[in-house]
There are 2 protein chains.
Amino acid sequence: MTQKTSNYITKLRNSKLRPTKQRIKICEALFDRSETFHFTIRDLYNLLTNNLVHKISLATVYNTVHAFKNSGYLKQINIDSNNNYFDTNTSHHHHFFDETNNELIDLKNEDIKKIELKKIIPGKKIKSVEVLVKIEPE
Amino acid sequence: MTQKTSNYITKLRNSKLRPTKQRIKICEALFDRSETFHFTIRDLYNLLTNNLVHKISLATVYNTVHAFKNSGYLKQINIDSNNNYFDTNTSHHHHFFDETNNELIDLKNEDIKKIELKKIIPGKKIKSVEVLVKIEPE
DNA sequence: ACCTAATTTATAATCATTCTAAACTGTAAG
DNA sequence: CTTACAGTTTAGAATGATTATAAATTAGGT
Ligand SMILES: [Mn+2]
Ligand SMILES: [Mn+2]
Ligand SMILES: [Zn+2]
Ligand SMILES: [Zn+2]
């Protein structure tokens, strides 16, 4: 077993999932990458089923992605009601969104000045701060 | 005809819509307010049909809200894939989102330090910058 | 090898949104 | 005041993403 595969098995076990062949294939599609991967469930499903002889059902893709999201191995990114994205970059960061091709681009935390709020809501604490920069051709 | 009503008729005509009784009722629900109104289509539909003798169809609510969005009298706010909100405050501003009750709260532009990006995407210009601050009970 | 709970899968159900087409209405010309 | 007709409303159908279901299959322990 490769180093990568045992890493996938760890991720799966941490997510309370048994390492099945379908889930390993999903891990390969998600995590065997040098760059951040931004995807919709449909993107991932198409990617998986185009290359594979043994298809993986859509339900399994949904289940696995959501389990990874819940265990923190994937981040969910809300762009608009038409596009529900996930992100393999789970560090704190923001995004550019190019509406011409529906592409997400990472904006590293150090590429943006710290967001400073002058207003607070009494009795509430901040859970997250997300910045979305929509871009278009010049 | 009241001042308010003629204002609604102006909004409707600017949105290329004839002032029908259904649309005037929708305007009253949306714009006859002192505070910003954040709502989902379902919220608005329930509000309208609970108080009214003559019901308005869901299709008309969708059509009118989208026409107002397209003409700039309403802003669409993307929180997550489950909640598609609209906002009667069309000025540039950001939001708190309280996940315990799904409530949006305006964060005035002057209540947040200007967002400064140190990264740009060549050939692209910025279309919008949106900040969403999720909050939870302390 | 056997047992059992977990998993996969096809399919159905759900839900928001959009589409459709028939009935209705506002407007303006005759 | 009629009439004509484009614009509007509406119920219901269609769509598409997501979630639920339940039967068949599989993984992992004994
Ligand atoms: Mn895509
Ligand atoms: Mn609400
Ligand atoms: Zn990212
Ligand atoms: Zn607002």
Side-chain angles (χ1 to χ4, degrees), chain A residues 1 5-6 8-29 38-49 52-71 74 76-86 102, chain B residues 1 5-6 8-29 38-49 52-71 74 76-86 102:
Chain A
M1 173 176 330
T5 305
S6 70
Y8 301 153
I9 293 176
T10 303
K11 281 184 161 68
L12 286 167
R13 293 222 180 278
N14 288 344
S15 307
K16 300 187 194 347
L17 296 178
R18 285 184 184 174
T20 63
K21 31 179 190 335
Q22 291 89 342
R23 287 168 179 166
I24 296 289
K25 291 286 179 196
I26 291 172
C27 283
E28 286 166 2
H38 298 110
F39 63 97
T40 65
I41 299 265
R42 181 57 55 177
D43 289 338
L44 179 59
Y45 177 74
N46 290 341
L47 184 72
L48 285 165
T49 53
L52 257 55
V53 180
H54 300 287
K55 306 286 185 197
I56 298 179
S57 76
L58 185 58
T60 297
V61 178
Y62 269 96
N63 291 340
T64 307
V65 166
H66 282 130
F68 280 146
K69 183 197 70 176
N70 292 333
S71 61
L74 289 175
Q76 191 163 1
I77 301 169
N78 301 116
I79 306 292
D80 58 51
S81 38
N82 307 318
N83 303 95
N84 193 8
Y85 283 91
F86 293 86
N102 278 14
Chain B
M1 176 175 328
T5 305
S6 70
Y8 302 153
I9 293 175
T10 303
K11 283 185 160 68
L12 287 166
R13 292 222 181 278
N14 287 344
S15 307
K16 301 188 196 344
L17 296 178
R18 285 186 184 173
T20 63
K21 27 180 192 336
Q22 290 89 340
R23 287 167 177 167
I24 296 290
K25 291 286 179 195
I26 292 172
C27 284
E28 286 166 359
H38 299 109
F39 63 97
T40 65
I41 299 266
R42 181 57 54 179
D43 288 337
L44 179 59
Y45 177 73
N46 290 340
L47 184 73
L48 285 166
T49 54
L52 257 55
V53 180
H54 300 287
K55 306 287 186 197
I56 298 179
S57 77
L58 185 58
T60 297
V61 179
Y62 268 96
N63 292 341
T64 307
V65 166
H66 283 131
F68 280 146
K69 183 196 69 177
N70 292 334
S71 61
L74 289 174
Q76 192 164 1
I77 301 170
N78 303 116
I79 306 293
D80 61 52
S81 38
N82 307 317
N83 302 97
N84 193 8
Y85 283 91
F86 293 87
N102 279 14

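Quantities reported herein were computed from a predicted structural model and do not represent experimental measurements. In what follows, chains are A, B, ... by sequence order, proteins preceding strands, each numbered from 1.
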Inset, instruction - With sequence neighbours excluded, tell me which residues meet side chain to side chain contact (heavy atoms under 4.5 Å, CB included) with A:Asn46. - result: A:Arg42, A:Asn50

Legend entry - Flag, side chain of B:Thr64 to backbone of B:Val61, donor-acceptor distance under 3.5 Å: no

Legend entry - Nucleic acid contacts of residues 9-20 of chain B, taken as heavy-atom distances under 4.0 Å to DNA chain D: B:Leu17, B:Arg18, B:Thr20

Legend entry - With A:Phe86 via ring pair (Phe, Tyr, Trp, His ring centres under 6.0 Å) - residues at least two apart: A:Phe39, A:His66

Legend entry - Partner set under side chain to side chain contact (heavy atoms under 4.5 Å, CB included) for A:Asn14, not counting sequence neighbours: A:Thr10, A:Tyr73

Inset, instruction - With sequence neighbours left out, write down each residue that passes side-chain hydrogen bond (donor to acceptor under 3.5 Å, both in side chains) with B:Glu28, or none if nothing qualifies. - result: none

Inset, instruction - Sugar-phosphate means primed atoms, P, OP1 and OP2; the rest is base. With that split, encode nucleotides 9-16 of chain C 5' to 3' as B, S or - using protein heavy atoms under 4.0 Å. - result: BB-----S

Legend entry - Qualifying residues under side-chain hydrogen bond (donor to acceptor under 3.5 Å, both in side chains), relative to B:Asn84, sequence neighbours excluded: A:Ser81, B:Gln76

Legend entry - Residue list, side-chain hydrogen bond (donor to acceptor under 3.5 Å, both in side chains) with A:Thr20, at least two apart or on another chain: none

Inset, instruction - Give me the first and last nucleotide of DNA chain D, going 5' to 3', that has any atom under 4.0 Å from a heavy atom of chain B. - result: D:dG7 to D:dA11

Inset, instruction - Using only side-chain N and O atoms of B:His66, determine if any of them is under 4.0 Å from OP1 or OP2 of C:dT17. - result: no

Legend entry - Partners passing side chain to side chain contact (heavy atoms under 4.5 Å, CB included) against B:Asn63 (at least two apart in sequence or in another chain): none

Inset, instruction - Name all residues meeting the side-chain hydrogen bond (donor to acceptor under 3.5 Å, both in side chains) criterion together with B:Ser57; count only those two or more places apart in sequence or in a different chain, and write none if there are none. - result: B:Thr60

Inset, instruction - Apply side chain to side chain contact (heavy atoms under 4.5 Å, CB included) to B:Ser6 and list each qualifying residue two or more places apart in sequence or on a separate chain. - result: B:Met1, B:Gln3

